[in-house]
Amino acid sequence: MLGINVLAGISIALLLLSTCSALYEDQIKKFDWRSVHVGALKQSRVDLNHFQPRLLVSTHEDVVAFLCPKTGSILWRQVLEQKPRGDIKLLQVSGFSVDSSDTAAAPIGTNLGFDMLTVQGHAPALVRGWNTNIGTIEWEWSIMPLNSEKAQDALWFYSNSILYHIVPAWRSHLEVTAYFASSGHSTGSTSKIMASWITRESCTLSGTFYVCVDSKQLISLDLVSKSTQVIRTALESEPQGKIEAVEGLNGVVIVDGKLVSVNKDQAVCGALQGSSYAVGSFNYRKIVVSADLTSGNLKINAAYLDNCSPVSELQQTLQFPEHFGIPTLNSFDCKLKRSGDGKSCMFVFSTSSESIVAVQQGKVRWSREESLANVIDSQFMDLPLADTEGTLESEMKGKAVDSTSFDRDIASAFLRRISTQAVQIRSLFLHVIGLGPPPTDTQRAGLVRDSFGLHKILVLLTRSGKIFGIDNISGKHHWQLYLPKVNAFDNAEQMHLIVQRTSKHFPLQPLCAIVAKNSINGNGVLYRFNPITGQATEGGLLHLDFKIKQLSLLAETEKDFVKGILIFDASNQVHVYPQHATPLADGMYLYTADVKSAQLEGYFVKYAGGKLSCTHIWNARLGGHHSEQQIIAVAGKNPIEHVHSQGRVLGDRSVLYKYINPNLVAFVTQAPDATHKSVLNLYLVDVVSGSVIFSMTHRKVRAPLSIVHSENWLAYSYFNEKVRRTEITTIELYEGKAQANSSVWSSLTAPPMPLVERQSYIIPAIVEALRETITERGITNKHVLIGTASGSIIEMPWHLLDPRRPIASTTQGREEGAIPYIPELPLPTESHINYNQTVARLRNIYTAPSGLESTCLVVATGLDLFVTRVAPSKTFDLLKEDFDYILISIVLVALTSGSLIVKHLASRKLLKQAWK
């Protein structure tokens, strides 16, 4: 009986052990870090006199959050539904209005009060009441409009515990419906106000007034008045830009930097001039604060609204950092200083670079870089060598500092080595006595390459045009710069971050380039900079005089090791930057893809007579007979990828060679279908010859779609509408058991069509991003990183996604190491590389090789930022942290000593035997 109990206890313990997985406590945040964001500021309310000082914000990323006014850190954050359902239309906070009409107290016996009220979405529109102390939803109600299309432009405002819903019908009328804010019950019938002059571009809502611009006048309507009448206000001149409302002032708008009131009961100070305004109280009097940026200086002025006299205590001027862009005053509040000497005011700004900046007492108190919530491109850059390593690198490469060659005979090499060591000894002696040269800025910041190439600088390009240089180990922001008036390209193409020269060419500095579109005239913009310091190089910002249609990086370099950028403009002309690399573009192939029509075109670039010319050589129409299909995804191979193995060994010891076409690009199109609702088509196209290598159709499936393309395989995920689940399809291409050309690939003399292996799997998660791991030499096993909608990042080994997994276990399959096919993919907890560090709104995953062949660097971007490293084949080239150096040293010493003693004893024994 005792033996049975012991056996049962052991079995339970083993069962529990097999189901437990964890991360060691000392490993948490040792190789990774996370940066949490809220997004670009939309509305804010700051209260410094509350028992708990608070800064409540809503953002363009559909987030409401509570920030600490002292530090800007997030105390709580709620990520709402994605657009359009989560689009925040109104943020109403109890106690922040200048008058008493915003009372939010609950009726006796109910719990329908609120600290904060939000309205989001339009079909349905969700109204929620919040407890701002802990960030929880106290109650909510919703309405579904009769016309969803008109409701997209709906506006909301709150007055006297009533929530008003305004639905404009452009060039016709306004529909106004009133609801009790806490319960959602309608107060009566919907009123229709005729207004044939309203347009989307010329109108705004200012408190209870709906104001529109019509030439040199403002036409407004008081929506809560019992007798609605049209109010016309004359202007001195026609406004140059859009009019904007001033929160806190009913019926007041900003026209060309000045305040104009359409409400006879609301006086304004017409002499004030500023780019943005905010309203609050100071010394128990209502004031208006204006802010304006002039020559890099931020000027803040204030005036009392009752007599327009200036508030001298609030007037201040400070130098505003250029990388923040143009500031917009969002809100402010004042409180008594601790010393009792006057009041201290905090001003909260949103900027054109999507930063949140708090100004207090004439200086920037804190800032939040919320543009990192919209990263569109990323690069890991190697750090520069130390001076001593750089000198050795120059010597080993056989080139001097000026990059000129020299004779490589033994005597000169010996003399250079002796002179180099003498210089190093001299610099060491000067450093010890304190007379050595001061460290450079990069050395002082710790930006020096480590032995294993794990320490790099992470260069991030954001949607607003702001660029960051971040330490991938500590997460420290070493530099940041802002490119104003740049935008993404047409055809749904984002700005590009391109590496033209890496850090491996000492003493030459690395070089990166940003390629974007000018938001004013649509022409191209090229900005080149040093990714280690963030300083402009090679001319810095260059405004091109043409529109960019396509671009590519040249494969070869000149003596300066700079890869040129080949740009294809809208008039089908080609250009190369820098221009001295123009001859290297000879023989290049380009392709363009029109997203809407799904039409592909191929071009050949030729250099002759000192000029570049471009010839159209092929086109392909993927849009169908009626061009109803649209391209939703394009996936090429990573240009820095190395393929280690050319084939796959089968169970009979023969080799199945991979179809490794570097010019192969995957295109995915989608179109509505009367029978199957939605149809997804995959095309593998050789973009040099224009031939379609393979195509496949999926019916009754739709986006979200993610795709990854590497070596001879690709994987893509989609939502299957028929069975309501997410699936992943994988494809492998093989040439066969004979290889056409083992040394050089040519798309013009390509081998026959490849053999295609394909398989589909079920994944119990919504996939948002796919990315393959990549290493320096490609020896390490390939894993696929899967980003899910829940914010987790799953490391999936390729052998689980292998399309050659046999249906049943066979001898040949076991010889190949293939796992029998199971439709469901396992998602064990130990495969989540971000454990509990959830990445909200995960959009992209970027990978880069490190100096270790076993390790791959990873950055996941979304609303948050997560940086880590993975080792798909474990760290086979690195000793473990708990490696016992003392024990191995003792063993080595003991073995060496023992061998010497045994050798001595053996020699004595042989000597004695010789004398016998």
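All values below were derived from every heavy atom in this structure, side-chain atoms included, with hydrogens, water molecules and symmetry-related copies excluded.
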Undergrad: Just jot down the salt bridge (charged side-chain N to carboxylate O under 4.0 Å, His left out) partners of E61, sequence neighbours excluded, or say none.
TA: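 Listed in chain order: R463, R843.
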Undergrad: Using distance alone, with no hydrogens and no angle criterion, decide if R54 and T132 have a side-chain donor and acceptor under 3.5 Å apart.
TA: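 Side chains of R54 and T132: pair found under 3.5 Å.
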Undergrad: What I want to check is whether the side chains of T136 and W130 have a donor and an acceptor closer together than 3.5 Å.
TA: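 Judged by distance alone, the side chains do not pair up.
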Undergrad: For residues S35 and H37, is any side-chain donor paired with an opposing acceptor at under 3.5 Å?
TA: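 Per modelled atom types, S35 and H37 side chains form a pair under 3.5 Å.
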Undergrad: So, the side chain of K83 versus the backbone of H60: is there a donor-acceptor pair under 3.5 Å, distance only?
TA: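 Yes, the answer is positive, given that a donor and an acceptor are paired below the 3.5 Å cut-off.
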Undergrad: Using modelled atom types only, decide if a donor and an acceptor are shared between the side chain of S186 and the backbone of G188 within a distance under 3.5 Å.
TA: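 Between the backbone of G188 and the side chain of S186 there is a qualifying donor-acceptor contact (under 3.5 Å).
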Undergrad: Counting only N and O atoms by type, is there a donor-acceptor contact under 3.5 Å from the side chain of Q360 to the main-chain atoms of M346?
TA: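 Not confirmed, Q360 side chain does not pair with M346 backbone.
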Undergrad: Atom CD1 in I193, atom CG in L174: separation rounded to 0.5 Å?
TA: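 CG of L174 is found 6.0 Å from CD1 of I193.
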Undergrad: Show, in sequence, the C-alpha distance, side-chain angles and deciding distance for D306 and K286, and conclude whether the salt bridge (Lys or Arg N to Asp or Glu O under 4.0 Å) test is met.
TA: CA-CA 7 Å; D306 50 9; K286 199 171 182 180; over 6 Å; no
Undergrad: Could you walk me through whether K466 and E354 pass the side chain to side chain contact (heavy atoms under 4.5 Å, CB included) test, one step at a time?
TA: CA-CA 9 Å; K466 196 164 188 177; E354 297 186 356; over 6 Å; no
Undergrad: Throw together a table of side-chain donor-acceptor distances under 3.5 angstrom for residues 267-281, partners on residues two or more places apart or in other chains.
TA:
| from | atom 1 | to | atom 2 | distance (Å) |
| --- | --- | --- | --- | --- |
| Q273 | NE2 | D256 | O | 3.4 |
| S275 | OG | A291 | O | 3.0 |
| S276 | OG | L329 | N | 2.8 |
| Y277 | OH | G257 | O | 2.5 |
| Y277 | OH | L272 | O | 3.3 |
| Y277 | OH | G274 | N | 3.0 |

Undergrad: Carefully, step by step, assess R128 and E138 under the rule salt bridge (Lys or Arg N to Asp or Glu O under 4.0 Å).
TA: CA-CA 7 Å; R128 288 170 171 168; E138 297 293 321; over 6 Å; no
Undergrad: Taking S206 for its side chain and V252 for its backbone only, find out whether a donor-acceptor pair lies under 3.5 Å.
TA: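 It does hold such a pair.
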Undergrad: Would you say CD1 of I162 has more than 12 non-hydrogen atoms from neighbouring residues, nucleotides or ligands within 6.0 angstrom?
TA: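 Enclosed.
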Undergrad: Please identify each residue that fulfils ring-ring contact (aromatic ring centres under 6.0 Å, His included) with F866, with sequence neighbours left out.
TA: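 Expected list: none.
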Undergrad: Would you list the atom pairs, donor with acceptor, under 3.5 Å between side chains in residues 84-91 and any protein atom, with sequence neighbours excluded?
TA:
| from | atom 1 | to | atom 2 | distance (Å) |
| --- | --- | --- | --- | --- |
| D87 | OD1 | K42 | NZ | 3.1 |
| K89 | NZ | Q152 | O | 3.3 |

Undergrad: Could you label the plane-to-plane angle of the H165 and Y179 rings as parallel, tilted or perpendicular, counting under 30° as parallel and over 60° as perpendicular?
TA: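 Rings of H165 and Y179: tilted, as their planes differ by 30° to 60°.
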Undergrad: Going by the rule side chain to side chain donor-acceptor pair (under 3.5 Å), which residues pair with T208 if we only count those two or more places apart in sequence or in a different chain?
TA: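 With sequence neighbours excluded, T208 shows a side chain to side chain donor-acceptor pair (under 3.5 Å) to D222, N250, given in chain and number order.
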Undergrad: Any donor and acceptor pair, going by atom type alone, linking the side chain of T351 with main-chain N or O of S355 inside 3.5 Å?
TA: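 Yes; judged by distance alone, with no hydrogens or angles, the pair exists.
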Undergrad: Quick check: does any side chain N or O of S353 sit under 3.5 Å from a backbone N or O of F324, one acting as donor and the other as acceptor?
TA: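 Pair found, side chain donor or acceptor close to backbone of F324.
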Undergrad: Would you mind listing every disulfide bond (SG atoms under 2.5 Å apart) that reaches into residues 150-233, with sequence neighbours excluded?
TA: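 Pairs touching residues 150-233 that pass the test: C203-C212.
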Undergrad: Restricting to pairs with a member in residues 342-370, which pass ring-ring contact (aromatic ring centres under 6.0 Å, His included), not counting sequence neighbours?
TA: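 Residue pairs passing ring-ring contact (aromatic ring centres under 6.0 Å, His included), neighbours aside: F332-F347.
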Undergrad: The criterion is side chain to side chain donor-acceptor pair (under 3.5 Å); which residues satisfy it with N487, sequence neighbours excluded?
TA: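 Partners of N487 by the side chain to side chain donor-acceptor pair (under 3.5 Å) criterion come out as none, since no residue qualifies.
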Undergrad: Would you say that V79 contacts D62 through its side chain, given a criterion of any heavy-atom pair below 4.5 Å between the two side chains?
TA: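 When only atoms from C-beta onward are counted, D62 and V79 do not touch, as no gap falls below 4.5 Å.
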Undergrad: Taking atom NZ of K150 as the centre, does the number of heavy atoms from other residues, nucleotides or ligands within less than 6.0 Å exceed 12?
TA: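 Yes.
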Undergrad: Quick test of your reading: applying disulfide bond (SG atoms under 2.5 Å apart), list the pairs with at least one residue in residues 52-88, sequence neighbours left out, ordered by first then second residue.
TA: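 Non-adjacent pairs meeting disulfide bond (SG atoms under 2.5 Å apart): zero.
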Undergrad: Where the side chain of W141 meets the backbone of A181, is there a donor-acceptor pair that is under 3.5 Å apart?
TA: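 Yes, W141 side chain to A181 backbone: donor-acceptor pair under 3.5 Å.
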Undergrad: Should we say atom CD1 of I326 is surrounded by more than 12 heavy atoms from elsewhere, each under 6.0 Å from it?
TA: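 12 or below, so no.
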Undergrad: Could you check whether atom NZ of K677 has more than 12 heavy atoms from other residues, nucleotides or ligands sitting under 6.0 Å from it?
TA: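 Result for NZ/K677: open.
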Undergrad: Y164 vs F157 aromatic rings, parallel, tilted or perpendicular, using cut-offs 30° and 60°?
TA: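 Aromatic pair Y164/F157 classed parallel.
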Undergrad: Distance check, rounded to the nearest 0.5 Å: L827 atom CG versus T788 atom OG1?
TA: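 That separation rounds to 8.5 Å.
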Undergrad: Dump the intermediate steps for side chain to side chain contact (heavy atoms under 4.5 Å, CB included) on F719 and I766, then the final yes or no.
TA: CA-CA 8 Å; F719 184 77; I766 300 176; over 6 Å; no
Undergrad: How would you list all residue pairs meeting disulfide bond (SG atoms under 2.5 Å apart) that involve residues 124-181, not counting sequence neighbours?
TA: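 Sorted result for residues 124-181: empty, none.
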Undergrad: Roughly how far, to the nearest 0.5 Å, is the OG atom of S261 from the CD atom of Q266?
TA: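 Between atom CD of Q266 and atom OG of S261 there are 6.0 Å.
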Undergrad: Closer than 3.5 angstrom, by distance alone: can the side chain of Q316 be matched with the main-chain N or O of G362 as a donor-acceptor pair?
TA: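 Side chain of Q316 to backbone of G362, a donor-acceptor pair under 3.5 Å: yes, one is there.
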Undergrad: Ring of F282, cation from K343 - is the NZ or CZ under 6.0 Å from the centre and inside 45° of the axis?
TA: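 The answer is yes; both the distance and angle limits are met.
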Undergrad: Residues in side chain to side chain donor-acceptor pair (under 3.5 Å) with H50, at least two apart?
TA: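 Testing H50 for side chain to side chain donor-acceptor pair (under 3.5 Å), a comparison that skips the adjacent residues, returns none.
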Undergrad: The criterion is side chain to side chain donor-acceptor pair (under 3.5 Å); which residues satisfy it with Q82, sequence neighbours excluded?
TA: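 Testing Q82 for side chain to side chain donor-acceptor pair (under 3.5 Å), a comparison that skips the adjacent residues, returns none.
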